[in-house]
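This one's a predicted model, so the numbers in the text were calculated from it and none came from an experiment. Indexing begins at 1, ligand by ligand and atom by atom, following the structure's order.
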Amino acid sequence: MNTAFDSLSQWGLKTFSGCPFLIAGPCSAESREQVLATAQALAHLPLSLFRAGVWKPHTLAEGFAGAGNVALEWLQEAKELSGLPLAIEIDRPAHLEEVLNAGVDVLWLGARTTVNPFAVEELAQALRGIDTPIFIKNPITPDLGAWVAACERLRSNGVKKLGVILRGFVNRRPSKWRYEPEWELLQKFRQIFPELPYICDPSHIAGDASMVFSVCQEAMNRNFQGLMIETHYDPSKALSDVAQQLNPKQLEALLDKLVLNNPQFQAEDERNSLSRLKQKIDQLDVRLLEALGARHALASQISQITGKQGGELAESGDDAQLRTKIKAFAQRHNMSEAYLFEFFDIIMRQTKSMS
Ligand code: PEP
Ligand code: MN
């Protein structure tokens with residue numbers, strides 16, 4: 001089953017003009033009070049979704065594992081009070097059932113799930129026939145193939161409302177970032193799925209509240225459609241990711257400062273994509289020259305072995321077969337037959353002139 005993806009505007013969520021598509025809320029749902037206090041403090045901001053981790057797949061066993069199913073009740077209450085739709089991470093099919101029963105509006109797969117093809121496959125099958133939008137975070141390791149395969153698995157199970165969240169990758173060298181953004185890797189991924197909505201999670205990339213803004217601005221300059229920003233009513237009391245969460249006032253200030261559609265970067269983006277295309281043409285030209293050189297070398301080898309003159313050699317090829325191939329090729333690639341015949345005539349003339 002192959003489907004085209006829906007655009008973000010077809011997801012049926014509220015968006016705010018002049019603002020990125022914004023998802024905010026605490027790293028983890030810790031208590032009823034914390035969830036309600038944070039949702040209420042964010043209700044006046046241009047949020048499309050309120051997020052919170054219910055099941056937290058932490059790397060270290062002693063990390064806060066999330067409050068679990070009971071948190072879904074707090075989140076439902078928060079939604080009723082604040083009017084904010086909910087986004088929740090799911091890691092296994094059993095979670096899917098729970099969140100759908102709780103009326104969750106959007107789902108996401110976390111970095112530790114995307115990296116695991118077994119988990120993705122199980123979830124993808126469980127998602128068959130379900131129209132709830134889902135984001136897929138990048139895998140925790142910089143594995144482009146795993147990320148692409150995860151999207152393909154969802155697509156082939158009929159998921160149409162799919163989005164992508166860049167949350168950064170484990171870094172192998174000392175870095176100022178908690179997780180390396182790997183913008184270049186993202187660029188490659190984006191060439192494969194240009195039509196998907198792209199959201200940046202600056203909180204996990206930065207790992208520190210003071211650096212969250214700069215990642216958000218970079219994401220806007222790179223034409224991301226949205227941001228997922230961890231926000232807690234009092235980050236100092238957070239049970240997970242203490243250093244990187246903003247408080248609601250800091251989030252508001254960040255949104256005020258953010259520059260969208262900066263013409264300088266838009267022009268740069270166009271220039272970059274133009275120069276990337278030109279670079280590709282240059283590379284193809286070199287490959288073309290190499291192929292011509294290799295053909296020439298083979299033709300001389302044959303003429304040495306057989307002692308035939310170039311003219312005889314050229315005529316010994318199956319000309320009719322080549323002409324049929326050229327015609328089919330021209331049609332497939334919407335190219336001019338005459339141009340291809342002329343191109344090959346020149347090559348043949350060159351071979352004939354070999355002695
Ligand atoms: C999160 O968003 O709370 C989370 C666990 O993210 P990630 O999967 O990116 O680590
Ligand atoms: Mn977190």
Side-chain angles (χ1 to χ4, degrees), residues 21-30 34-35 38-39 42 47-68 71-72 75 86-92 95 99 104 106-116 119-120 123 133-143 146-147 150-151 154 163-171 177-182 185-186 189 198-209 211-212 215-216 219 224 226-247 250-251:
F21 180 91
L22 182 62
I23 309 167
C27 175
S28 312
E30 301 165 357
Q34 173 249 12
V35 169
T38 306
L42 292 175
L47 262 67
S48 293
L49 290 161
F50 180 68
R51 63 147 283 156
V54 169
W55 305 278
K56 300 296 296 177
H58 275 287
T59 311
L60 301 175
E62 60 269 26
F64 177 60
L72 291 172
L75 286 160
L86 303 173
I88 308 285
E89 174 180 350
I90 56 162
D91 310 315
R92 55 194 63 169
H95 294 162
V99 295
V104 168
V106 169
L107 318 169
W108 85 81
L109 297 192
R112 292 160 188 83
T113 305
T114 310
V115 81
N116 178 348
V120 176
L123 279 160
I134 182 156
F135 284 109
I136 187 155
K137 283 194 165 191
N138 66 259
I140 194 138
T141 51
D143 183 346
W147 199 5
C151 290
L154 295 189
V164 170
I165 299 178
L166 178 75
R167 53 81 73 206
F169 301 84
V170 277
N171 31 34
W177 307 117
R178 180 178 177 205
Y179 289 100
E180 208 61 45
E182 307 273 7
L185 188 85
L186 175 87
F189 181 87
Y198 284 82
I199 307 293
C200 180
D201 164 353
S203 307
H204 289 90
I205 292 174
D208 188 296
M211 284 155 51
V212 167
V215 183
C216 291
F224 276 73
L227 298 167
M228 175 190 259
I229 305 179
E230 285 192 341
T231 314
H232 190 293
Y233 82 97
D234 182 354
S236 69
K237 293 197 179 127
L239 299 181
S240 59
D241 288 348
V242 183
Q244 72 196 30
Q245 300 200 58
L246 302 185
N247 66 37
Q250 288 171 318
L251 178 64

I want to confirm something. Looking only at heavy atoms, which of K137, M228, R51, E230 is nearest to atom 6 (O) of ligand 1?
K137

Return yes if some donor-acceptor pair links the side-chain N/O of S203 with the main-chain N/O of Q245 below 3.5 Å, else return no.
no

Of R167, R51, R178, the residue whose pairing with E230 passes salt bridge (charged side-chain N to carboxylate O under 4.0 Å, His left out)
R51

Judged by atom type as modelled, is there a donor-acceptor pair below 3.5 Å linking the side chain of K237 to the main-chain atoms of H232?
no

Once the angle between the rings of F189 and Y198 is folded into 0 to 90°, is it parallel (under 30°), tilted (30 to 60°) or perpendicular (over 60°)?
perpendicular

Heteroatom proximity flag, R112 to ligand 1, N/O under 3.5 Å:
yes

Using distance alone, determine whether G110 and ligand 1 share an N or O pair under 3.5 Å.
no

Would you mind naming the N, O or S atom of D241 nearest to the Mn ion (ligand 2)?
OD2

Quick one: does N171's side chain have a donor or acceptor within less than 3.5 Å of a partner on W177's backbone?
yes

E89 heavy atoms, cut-off 4.0 Å: which ligand 1 atoms fall inside?
4 (C), 5 (C)

If you have a sec, read the angle at the Mn ion (ligand 2) from C27 atom SG over to E230 atom OE2, to 10 degrees.
100°

Taking only residues two or more places apart in sequence, or in another chain, which ones meet F21 in a ring pair (Phe, Tyr, Trp, His ring centres under 6.0 Å)?
none

Those atoms of ligand 1 less than 4.0 Å from some heavy atom in W108
2 (O)

